[in-house]
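First comes the structure, then the notes that go with it.
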Amino acid sequence: MSGESCLSQLCPPAAPASPASAPKVKTCSLRGAGGLGSKYVRLNVGGALFYTTVQVLTRQDTMLKAMFSGRMEVFTDKDGWILIDRCGKHFSEILGYLRDASVALPKSRQAIHELMAEAKYYLIQGLVDMCQNALQEKKEQAMCVIPVVTSLKEEERLIQACSKPVVKLLYNRSNNKYSYTSNSDDHLLKNIELFDKLSLRYNGRILFMKDVIGDEICCWSFYGQGRKLAEVCCTSIVYATEKKQTKVEFPEARIYEETLNALLYETLPVPDNSLLEATSRRAHWGPHGEDEDGPEPRERVRRIHVKRYSTYDD
């Protein structure tokens with residue numbers, strides 16, 4: 001039997017009304033629907049359309065069972081679709097759980113929260129418990145792990161053992177000899193927030209480390225294939241009229257640039273000598289030609305000091 005013939009039995013047509021007052025939504029009672037468990041019904045859940053059976057809807061003790069076992073009135077539109085005034089985004093998971101008493105949950109925490117809200121509305125306690133357990137497991141799982149360097153040997157061991165690029169942030173506010181400028185604390189906090197943001201975004205591709213025992217106040221270091229590629233020092237000295245002050249900068253664009261440069265070393269299983277040569281050695285070595293003996297080339301590390309010395313506080 002078709003869904004329309006089923007609905008004609010479940011929902012008898014309403015009495016004729018005057019054209020001025022004829023409603024587009026009708027009510028009907030589903031008393032006696034228990035014997036129609038294999039018949040299909042049509043549902044309109046917040047504009048999303050679903051076909052299912054009365055047997056599925058009444059299988060568990062939920063609000064849907066109350067709706068489709070005759071204990072509650074239901075509304076239909078002019079085309080005979082039974083209306084449920086809820087968002088239909090997760091109703092397929094609701095039906096899946098009613099059929100099998102289990103369902104694959106969404107991956108994101110936001111989607112699980114949305115599904116749990118729908119399960120609470122339909123009084124499906126088993127699905128609510130599943131969502132709560134999944135959220136608890138996701139809460140306990142660390143999104144990323146940031147090692148904190150406690151010694152130089154430990155730092156060298158981590159960098160040499162890691163096959164991924166490495167980004168290290170050294171921050172130690174107590175290393176300062178002088179007083180800080182008015183914006184320094186805010187810029188130091190922004191550097192720390194950017195480090196956390198990058199570590200979440202590139203987790204799995206870059207190893208991020210924190211160093212709290214170094215000599216600098218705020219300094220970024222970038223490594224690839226076990227070698228130091230660049231360094232961005234964020235502190236400078238301000239020469240005021242009466243006393244010196246330490247200023248902390250926030251060179252966001254430069255930090256992003258060096259992080260992306262470090263990603264060049266991400267996918268290489270073995271050191272690429274040509275890449276290391278291009279990024280870590282000087283292109284020209286003074287007036288000496290290729291055939292002349294010149295000074296021994298030295299490895300280059302890009303060290304960027306932001307306004308290392310200044311005569312005023314911007």
Side-chain angles (χ1 to χ4, degrees), residues 141-176 180 183-236 246-283 298-308:
Q141 294 175 354
M143 299 185 67
C144 61
V145 178
I146 307 296
V148 179
V149 175
T150 57
S151 67
L152 183 59
K153 289 185 177 180
E154 181 183 12
E155 175 185 331
E156 293 176 352
R157 180 178 59 82
L158 287 172
I159 294 173
Q160 295 299 326
C162 183
S163 59
K164 299 181 292 186
V166 179
V167 174
K168 183 188 75 169
L169 173 62
L170 187 160
Y171 65 94
N172 192 340
R173 193 179 185 280
S174 61
N175 282 339
N176 186 25
Y180 284 101
N183 294 326
S184 291
D185 286 331
D186 184 50
H187 289 166
L188 181 60
L189 181 60
K190 287 181 178 180
N191 278 279
I192 297 173
E193 290 176 346
L194 178 59
F195 179 86
D196 294 339
K197 181 179 179 180
L198 291 174
S199 63
L200 290 175
R201 182 172 182 177
Y202 295 107
N203 179 38
R205 301 178 63 185
I206 297 177
L207 173 64
F208 289 87
M209 301 189 307
K210 287 185 178 180
D211 184 355
V212 294
I213 60 172
D215 297 331
E216 293 285 352
I217 297 172
C218 183
C219 185
W220 295 73
S221 300
F222 304 87
Y223 301 83
Q225 298 184 4
R227 302 189 185 185
K228 192 171 187 178
L229 305 174
E231 181 181 276
V232 178
C233 184
C234 303
T235 55
S236 59
T246 300
K247 184 178 183 180
V248 179
E249 295 284 353
F250 178 51
E252 183 177 13
R254 175 64 65 182
I255 294 168
Y256 266 111
E257 179 183 352
E258 296 300 341
T259 302
L260 295 177
N261 287 338
L263 285 173
L264 293 172
Y265 300 84
E266 175 186 17
T267 57
L268 300 175
V270 295
D272 187 328
N273 292 329
S274 61
L275 179 60
L276 290 172
E277 181 76 18
T279 57
S280 63
R281 294 182 183 274
R282 299 182 183 275
R298 295 178 300 171
E299 292 187 5
R300 182 186 63 169
V301 176
R302 292 188 300 280
R303 290 186 172 88
I304 299 96
H305 297 277
V306 182
K307 293 183 181 179
R308 194 59 174 168

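Note that these values count all heavy atoms, side chains included, but never hydrogens, waters or copies made by symmetry.
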> Do you know which two heavy atoms are closest between Ile217 and Leu188, and how far apart they sit?
Replying inline: O-CD1, 4.4 Å
> Nearest heavy-atom pair of Asp196 and Lys210: which atoms, and what distance?
Replying inline: OD1-NZ, 3.8 Å
>> For a side chain to side chain contact (heavy atoms under 4.5 Å, CB included) check, start with the C-alpha distance between Arg227 and Tyr265, then their side-chain angles and the critical distance, and finish with the verdict.
In response: CA-CA 10 Å; Arg227 302 189 185 185; Tyr265 300 84; over 6 Å; no
> So which heavy atom on Lys247 is nearest to which on Ser184, and how close?
Replying inline: CA-OG, 3.4 Å
> Can you tell me how far CD of Glu154 sits from CG of Asp211, rounded to the nearest 0.5 angstrom?
Replying inline: 9.5 Å
> Looking only at heavy atoms, what is the nearest atom pair of Asn172 and Ile213, with distance?
Replying inline: ND2-CA, 4.4 Å
>> For Thr235 versus Cys218, what's the shortest heavy-atom pair and its separation?
In response: CG2-N, 3.8 Å
> Which heavy atom in Pro165 sits nearest to a heavy atom in Ala262, and how many Å separate them?
Replying inline: CG-O, 3.1 Å
> Are any of the side-chain heavy atoms of Asp185 and Arg173 separated by less than 4.5 Å?
Replying inline: yes
>> As an exercise, state the distance from CG of Asn175 to CG of Asp215, rounded to the nearest 0.5 Å.
In response: 6.5 Å
>> Would you say that Tyr202 contacts Val167 through its side chain, given a criterion of any heavy-atom pair below 4.5 Å between the two side chains?
In response: no
>> Contact between Phe250 and Asp186 at the side-chain level, heavy atoms closer than 4.5 Å - yes or no?
In response: no
>> What's the separation between atom SG in Cys234 and atom NE2 in His187, rounded to the nearest 0.5 Å?
In response: 10.5 Å
>> If you apply the rule side chain to side chain contact (heavy atoms under 4.5 Å, CB included), what do you find for Leu229 with Glu258, and how did you get there?
In response: CA-CA 9 Å; Leu229 305 174; Glu258 296 300 341; 5.9 Å; no
>> When you compare the side chain of Leu207 with that of Pro147, does any pair of heavy atoms fall below 4.5 Å?
In response: yes
> Rounded to the nearest 0.5 Å, what separation is found between the CG atom of Leu198 and the CH2 atom of Trp220?
Replying inline: 5.5 Å
>> What's the separation between atom CG in Leu169 and atom CD1 in Ile146, rounded to the nearest 0.5 Å?
In response: 10.5 Å
> Under the side chain to side chain contact (heavy atoms under 4.5 Å, CB included) criterion, do Ile159 and Met209 qualify, and how do the steps go?
Replying inline: CA-CA 10 Å; Ile159 294 173; Met209 301 189 307; 3.9 Å; yes
>> Can you tell me how far apart NZ (Lys228) and NZ (Lys168) are? Round to the nearest 0.5 Å.
In response: 6.0 Å
>> Do the side chains of Glu257 and Arg254 get close enough for a salt bridge, i.e. N-O under 4.0 angstrom?
In response: yes
> Backbone N or O of Glu249 within a donor-acceptor pair of the Asn191 side chain at under 3.5 Å?
Replying inline: yes
> For residues Glu155 and Tyr223, is any side-chain donor paired with an opposing acceptor at under 3.5 Å?
Replying inline: yes
> Can you list the steps and then say if Val166 with Leu158 is a side chain to side chain contact (heavy atoms under 4.5 Å, CB included)?
Replying inline: CA-CA 9 Å; Val166 179; Leu158 287 172; over 6 Å; no
> Relative to each other, are the rings of Phe195 and Phe208 parallel, tilted or perpendicular (30° and 60° limits)?
Replying inline: perpendicular
